[in-house]
Amino acid sequence: MDLLHSQLTALQRQLSFVATDPIDWKFYVQAFSWGVTLFESYLLIRQYPLYSKKAPPAVLAGHFDAEVFQKSQNYGKDKAQFSLVTGLLKQCLDSAMLQYGFYAWAWDMGGRVISRFGYGSEYEILQSLAFSCVLFFASSIPTLPLSVYQTFVLEEKHGFNKTTPTLFVTDLLKGWALGFVIGSPFLAAFLYVFKWAGDRFVPWLMAFLLAFQIIMVIVYPTLIQPLFNKLSPLAEGELRTRTEALAVKLKFPLTHLYEIDGSKRSSHSNAYFFGLPWSKHIVIFDTLIKESKPDEVEAVLAHELGHWYHMHPTKLLCISQVHIFTILALFPAFLHAPQFLRAFDFSKLVASRPPTIVAFLLFQMILTPLEAVVGIGLNAISRQFEWEADRFACELQDRLSATEMKDMGDRLGRALITLHVKNLSTVWVDWLYSAYHHSHPTLTERLKALESFQAKRANSGIEKKEL
C-alpha cells in the first residue's frame with residue numbers, strides 16, 4: 001500500500017502544473033467535447049450513403065427479400081438522421097451549460113436547497129446530493145422530447161414500439177425513483193470514501209466500486225428488473241430441454257431459466273445470462289422464442305455460454321478496473337487545484353476548497369477525447385470476444401463429443417440472420433463507423449468467420465482421418 005501511495009504521489013508531482021499554470025480549462029473542454037461530437041457526426045455522414053444501396057452484401061443476398069432489405073435501409077437512414085440531429089442538439093445544450101456557468105449555479109442552488117433545512121456548506125456530501133439532483137433534472141428535462149420522438153415516432157414508424165404513453169411515463173418515473181433510491185446512497189458512500197481515505201483513496205475507492213458492481217449483480221435481477229419486465233420460468237418444452245441439457249454438458253451452474261416479456265416495450269430480440277460464479281440465470285426474450293426455432297435459440301445460447309466458458313465477463317471486469325484505476329490515479333491533481341474550478345466560473349470561496357463531486361465531474365469532461373479512444377479499444381476487445389464465443393459454439397461437437405451439435409455453426413448463422421432481419425439491423429456498415437460504435441462484429445463478418453471456423457474444423461477432421 002505504501003509503495004502504491006508513493007508512486008501515486010510521484011505522479012501527482014508530474015501533474016502539478018494543473019494547480020500552477022494558467023490554463024483555460026473551459027476552452028479545452030469545449031474544444032474536446034465539440035471535437036468528439038463533430039467526429040461522431042462525420043462518422044454518421046460516412047455511414048449515411050450506405051443506406052442508399054439497393055441490395056444486401058452477396059453473402060446475405062439469399063436471406064433478405066427486396067422489401068425487408070428496403071425496410072432495413074429506411075430504418076437505418078431514419079436512425080442516422082435522428083442520431084445526427086440529437087447529437088448536435090445535446091452538444092449545444094451541454095456547451096451552453098458549460099459556457100454560461102451552469103455548473104457553478106447548480107452548486108449554489110444545491111447549497112440554497114439544503115440551507116432551507118438548516119444545513120450549511122460544511123455538509124459537502126449533502127450539498128453534493130442536492131447538486132446532482134439539480135444537474136440531473138436541469139439536463140434531462142430538455143431532452144425528454146427527443147426520447148418521446150424516438151419512441152412514439154421513430155420506433156413506431158418502423159413497427160418496433162410497443163410502449164404506451166402510460167408505460168413510458170411510468171418507466172420514466174420508476175427510473176427517476178431508482179436513481180434516487182440507489183444513486184443517492186451510492187454517491188454519498190462514494191464521497192465518504194474520498195473524505196475518509198484522504199490522499200490514499202485510490203485502492204479504497206476501487207474496492208468500494210468493485211463491491212458495488214458485485215452487489216448490483218444480485219440486486220438488479222431480483223429487485224430492479226421486475227419493476228420493468230416480468231420474468232417467468234421458461235415453459236416446459238423442447239427449448240427448455242435443449243437449454244438444460246446444454247448447461248449440464250458444459251457444467252454451467254444454471255439456477256434459473258427465464259422468459260422475459262420484452263415484447264411489452266419493443267419487438268427487438270435478445271438473450272443473455274447473469275449471476276454470480278456459482279449461480280447463473282439465463283434470460284430469453286419472448287420475441288426471440290417466437291421468431292426462431294428451438295434449435296436456433298439453442299445456438300444463440302451456446303454463443304452466450306461461450307462468453308462464460310472463456311470468462312469474458314471476468315476479463316472485461318478486470319479491464320474496467322484498470323480503466324478506473326487510471327482515472328482515479330490522475331484525479332487528485334485536479335481535486336487540489338482551485339484555479340481549475342475558477343476556470344468554470346466557480347467563486348473563489350468554493351474553488352478554495354474544491355467539492356469532490358464538482359472536481360470529478362469537470363475532470364471527466366477533460367478526459368472526453370481519451371475516453372473516446374478507450375471506447376474504440378474496448379470495442380475491439382469486445383468484438384474479439386464475440387468471435388471467440390461464435391467459435392466456441394461451432395466447436396461444441398468436438399468439445400462434448402456430441403454429433404447432434406455438428407450443425408451448431410449453421411444454426412447460429414441462421415439465428416443471427418433471423419435476428420438481423422426481424423430487428424431490421426443495418427447490414428452495410430462503414431468500417432470506421434463500426435470500429436467506433438459497435439461492440440459486435442457486423443453480420444457479414446460473423447457469417448464469414450463462422451464459415452471459416454467450420455471449414456477449418458472440417459479440414460482438421462479430414463487430416464485426423466488420414467493419420
Is the number of heavy atoms from other residues, nucleotides or ligands under 6.0 Å of [X] [atom1] greater than 12?
X    : atom1 : value
F274 : CZ    : yes
K422 : NZ    : no
Y119 : OH    : no
Y309 : OH    : no
Y28  : OH    : no
M216 : CE    : yes

Salt bridge (Lys or Arg N to Asp or Glu O under 4.0 Å) against [X], all qualifying residues, sequence neighbours excluded:
X    : answer
D261 : none
K174 : none
E124 : K195
E156 : none

Going by the salt bridge (Lys or Arg N to Asp or Glu O under 4.0 Å) test, which pairs reach into [range], not counting sequence neighbours?
range            : value
residues 277-294 : none
residues 227-241 : E236-R240, E238-R242, R240-E244
residues 371-380 : none
residues 96-117  : none

Are side-chain N/O atoms of [X] and [Y] paired as donor and acceptor at under 3.5 Å?
X    : Y    : answer
E155 : Q150 : no
Q213 : Q321 : yes
H307 : E386 : yes

Tell me, do [X] and [Y] make a side-chain contact under 4.5 Å, heavy atoms counted?
X    : Y    : value
S52  : K77  : yes
L187 : S132 : yes
L443 : S425 : no

Next item on the list: Evaluate the criterion side-chain hydrogen bond (donor to acceptor under 3.5 Å, both in side chains) for residue pair N379 and H438; output intermediate values, then yes/no.
Entry: CA-CA 6 Å; N379 280 344; H438 293 165; over 6 Å; no

What about the rings of [X] and [Y], do their centers lie closer together than 6.0 Å?
X    : Y    : answer
H312 : H310 : yes
F340 : F363 : no
W428 : Y51  : no

Notebook entry, point to check: Is R411 salt-bridged to E296, going by a charged N under 4.0 Å from an acidic O?
Noted result: no

Checklist line | Q127 vs S121, side-chain hydrogen bond (donor to acceptor under 3.5 Å, both in side chains): CA-CA, chis, key distance, verdict | finding: CA-CA 7 Å; Q127 187 170 351; S121 59; 5.4 Å; no

Under the side-chain hydrogen bond (donor to acceptor under 3.5 Å, both in side chains) rule, collect the residues that match up with [X], sequence neighbours excluded.
X    : value
D94  : none
Y42  : R46
T442 : E445

Check: With a distance cut-off below 6.0 Å to the six-membered ring centre and an angular limit of 45° from the axis, does K79 pair with Y75 as a cation-pi contact?
Finding: yes

Note to self: side-chain hydrogen bond (donor to acceptor under 3.5 Å, both in side chains) for D78 and H158? Distances and angles first, verdict last.
What the structure shows: CA-CA 10 Å; D78 286 349; H158 295 280; 2.7 Å; yes

Next item on the list: Could you tell me which residues satisfy ring-ring contact (aromatic ring centres under 6.0 Å, His included) with Y272, sequence neighbours excluded, listed by chain and number?
Entry: none

Next item on the list: Test Y100 against D345 for side-chain contact (heavy atoms from CB on, under 4.5 Å), laying out the working first.
Entry: CA-CA 8 Å; Y100 296 108; D345 307 301; over 6 Å; no

Margin query: Test side-chain contact (heavy atoms from CB on, under 4.5 Å) on L288 and N270; report intermediate values, then the result.
Written below: CA-CA 6 Å; L288 179 61; N270 200 2; over 6 Å; no

Checklist line | Stepwise side-chain hydrogen bond (donor to acceptor under 3.5 Å, both in side chains) test for T255 and S279 | finding: CA-CA 6 Å; T255 302; S279 178; 2.8 Å; yes

